Amino acid sequence: GNNPGCLYLLDQSATFNFNGDVMIAPGCAVYANSADVETVASVMTVKKFGYAHQMHDLLGLFLEAKPAQMLPVGDPCPEITSCAYLAGNAPAPSSCTPYVNNSLLPTTVGPGCYSDFENNLGILTMQPGLYVFTGPVSNTGVLYGDGITMYVTSTGGPVSLNGSVALLSPQTTGVYAGTLLYQTPGNSNPLAFNASANLSLAGLIYAPNALAEVLGQANVTFGKYSVFVVDNLKLLAGATLTLPGPANGMSLVKGATLVQ
C-alpha cells in the first residue's frame, strides 16, 4: 500500500507507552492496536500513525502525519511473501544441538537447528542460511549475521540480542527473502534487542504474541529497512528510535489488513 507499516503493535489489551520518546520514521507507518497509546512529551515524524482504541497525548509533537483513529489492523503476515511461506511451511526441527560460544577469538557458526544458542562475550558470525531455535537464544558479545533467517519454534526463545553489538540482516533471495526473525504465533517469549553500542536489524521481525524490548541505548537507529510485527514494544524513556522506510515500491508488506 501507500503507507507501508514499519511497526505493528497487535495486542488490543496492552498500553503502548511512548512518553518522552522520539520516533523518526518519515517513510513508515505505525499501526497500534493497543488499548491505550500514551505520547506525553513525545516527538513523532511518521508517514502515518494509526491507533485503534484510545490515545492520551500531552505536548506531543507530530511533525508529519497526525494520529488518526483506525479499525484494528490484522496480522500483516499473509501480505508478506516470506512470512506467509513460513506460516505454511514450518521448518521441521531435526538433530537440534546446543551451541555455546565461550571463545574470545572471532568464531563462525553455520545454519542448523539449535536447542540452545549462546554467544558469551565472543565475536560470532552467523553464516548465511536458516537457523531453527527450539530453546533460548542469547548474545552478550558481538554478533554478526548477513543473509540469515531465524525461525523460533513454539518452544524457542526468549531471544535476547544484548551484549555490545548485534548486526543482522536477512536473505535477499529465495523463499525466506526479507524475513530476519519469525517467532511462531502463540509463542509469547519476549524479544530483547538491548545491544548497548550498535544494534542494526534489517527485514521482518515477526513475533505477533511477543513483547519486544529496545532498552540498551538511548539512540537506536536501524540503518536498514525493517518491519516489526509484535504484541507490544517497550522503549527506554527519552529514547530516539529511527526506522528507515522501504525504497520506493520495495515494501515487504503488499497490502493493508484490517480486522473486520
Side-chain angles (χ1 to χ4, degrees), residues 5-18 30-38 51-53 72-80 82-93 96 98 113-118 130-140 143 148-163 166 168 170 176 179-195 199 201 203-216 220 222 226-236 239 241 243 252-253 257 259:
C6 285
L7 181 58
Y8 293 80
L9 305 177
L10 298 180
D11 188 342
Q12 296 194 53
S13 61
T15 295
F16 175 44
N17 179 333
F18 199 70
V30 174
Y31 298 109
N33 285 352
S34 321
D36 190 15
V37 174
E38 298 181 0
Y51 66 96
H53 297 292
V73 293
D75 183 336
C77 187
E79 298 290 333
I80 302 169
S82 53
C83 190
Y85 179 86
L86 280 162
N89 301 273
C96 306
C113 183
Y114 296 97
S115 54
D116 177 30
F117 188 89
E118 298 175 40
L130 176 68
Y131 292 76
V132 177
F133 297 121
T134 60
V137 178
S138 70
N139 172 54
T140 54
L143 185 65
I148 66 167
T149 294
M150 298 183 282
Y151 182 90
V152 182
T153 68
S154 59
T155 61
V159 175
S160 303
L161 301 181
N162 301 327
L168 304 172
Y176 306 127
T179 293
L180 178 65
L181 185 147
Y182 179 104
Q183 180 162 306
T184 311
N187 181 340
S188 59
N189 277 327
L191 303 176
F193 302 121
N194 298 331
L199 173 70
L201 308 175
L204 174 68
I205 292 95
Y206 177 79
N209 293 101
L211 171 68
E213 296 182 342
V214 182
L215 302 172
V220 181
F222 292 102
S226 49
V227 175
F228 288 82
V229 179
V230 293
D231 178 272
N232 197 15
L233 177 68
K234 190 173 180 182
L235 294 166
L236 277 179
L241 179 65
L243 294 170
L252 283 169
V253 186
T257 43
V259 173

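These numbers come from the heavy atoms of this one structure, side chains and all, not from hydrogens, waters or symmetry mates. Quick caveat: nothing in here was measured; it's all calculated off a predicted structure.
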Query raised in the report: What is the distance from atom CG of L180 to atom CZ of F228, rounded to the nearest 0.5 Å?
Result: 9.0 Å
Query - N139 side-chain N/O to N162 backbone N/O, donor-acceptor pair under 3.5 Å - result: yes
**Report entry** Whether T155 side chain and T134 backbone form a donor-acceptor pair below 3.5 Å
**Finding:** yes
Report task. Indicate the atoms forming the closest heavy-atom contact of P208 with L10, along with that distance. Result -> CB-CD1, 3.8 Å
Query raised in the report: Do V229 and P76 touch side chain to side chain, with heavy atoms closer than 4.5 Å?
Result: yes
Query raised in the report: Under 3.5 Å, side chain of T184 to main-chain N/O of V152, donor-acceptor pair present?
Result: yes
**Report entry** L130 and Y176: CA distance, side-chain angles, deciding distance, side-chain contact (heavy atoms from CB on, under 4.5 Å) verdict
**Finding:** CA-CA 8 Å; L130 176 68; Y176 306 127; 3.6 Å; yes
Report summary line: Shortest non-hydrogen pair, A166 vs L161, comes out as CB-CB, 4.3 Å
Under 3.5 Å, side-chain donor or acceptor atoms of residues 186-195 against the rest of the protein: list the pairs with distances, not counting sequence neighbours.
unit_1	atom_1	unit_2	atom_2	d
N187	OD1	Q183	NE2	3.3
N187	OD1	N189	N	2.9
N187	ND2	T153	O	2.8
N187	ND2	G156	O	2.9
N189	ND2	G156	O	3.0
N194	OD1	L215	N	2.6

Query raised in the report: Got a second to check how far S34's OG is from D231's CG, nearest 0.5 Å?
Result: 8.5 Å
Report task. Might you work through the side-chain contact (heavy atoms from CB on, under 4.5 Å) test for Y182 and S82, ending with a clear yes or no? Result -> CA-CA 10 Å; Y182 179 104; S82 53; over 6 Å; no
Query - Candidate pair D75 and Y206, rule side-chain contact (heavy atoms from CB on, under 4.5 Å), full reasoning - result: CA-CA 10 Å; D75 183 336; Y206 177 79; 2.5 Å; yes
Requested in this report: Would you indicate whether the side-chain heavy atoms of F16 and L233 approach each other to under 4.5 Å?
Outcome: yes
**Report entry** Point-to-point distance, once rounded to the nearest 0.5 Å, from SG of C6 to CG of L252
**Finding:** 9.0 Å
Query - With Y131 via ring pair (Phe, Tyr, Trp, His ring centres under 6.0 Å) - residues at least two apart - result: none
Query raised in the report: For the residue pair Y8 and Y31, does the interplanar ring angle fall in the parallel (under 30°), tilted (30 to 60°) or perpendicular (over 60°) class?
Result: tilted
Query raised in the report: Any side-chain heavy atom of V230 within less than 4.5 Å of one from L211?
Result: no
Requested in this report: Let me see the working for L181 and L201 under side-chain contact (heavy atoms from CB on, under 4.5 Å), right down to the final yes or no.
Outcome: CA-CA 10 Å; L181 185 147; L201 308 175; over 6 Å; no
Report task. Enter the distance from L7:CG to I205:CD1 here, rounded to the nearest 0.5 Å. Result -> 10.5 Å
Query raised in the report: Just by distance, do the side chain of T179 and the backbone of L204 share a donor-acceptor pair under 3.5 Å?
Result: no
Report task. Can you measure from CG (L86) to OH (Y151) and round to the nearest 0.5 angstrom? Result -> 7.0 Å
Report task. Looking only at non-hydrogen atoms, find the nearest pair between P98 and S115 and report the distance. Result -> N-OG, 3.2 Å
Query raised in the report: With side chains defined as the heavy atoms from C-beta onward, is the minimum distance between H53 and D36 less than 4.5 Å?
Result: no
Query raised in the report: Which atom names give the shortest non-hydrogen contact between G203 and P170, and what distance separates them?
Result: CA-CG, 3.9 Å
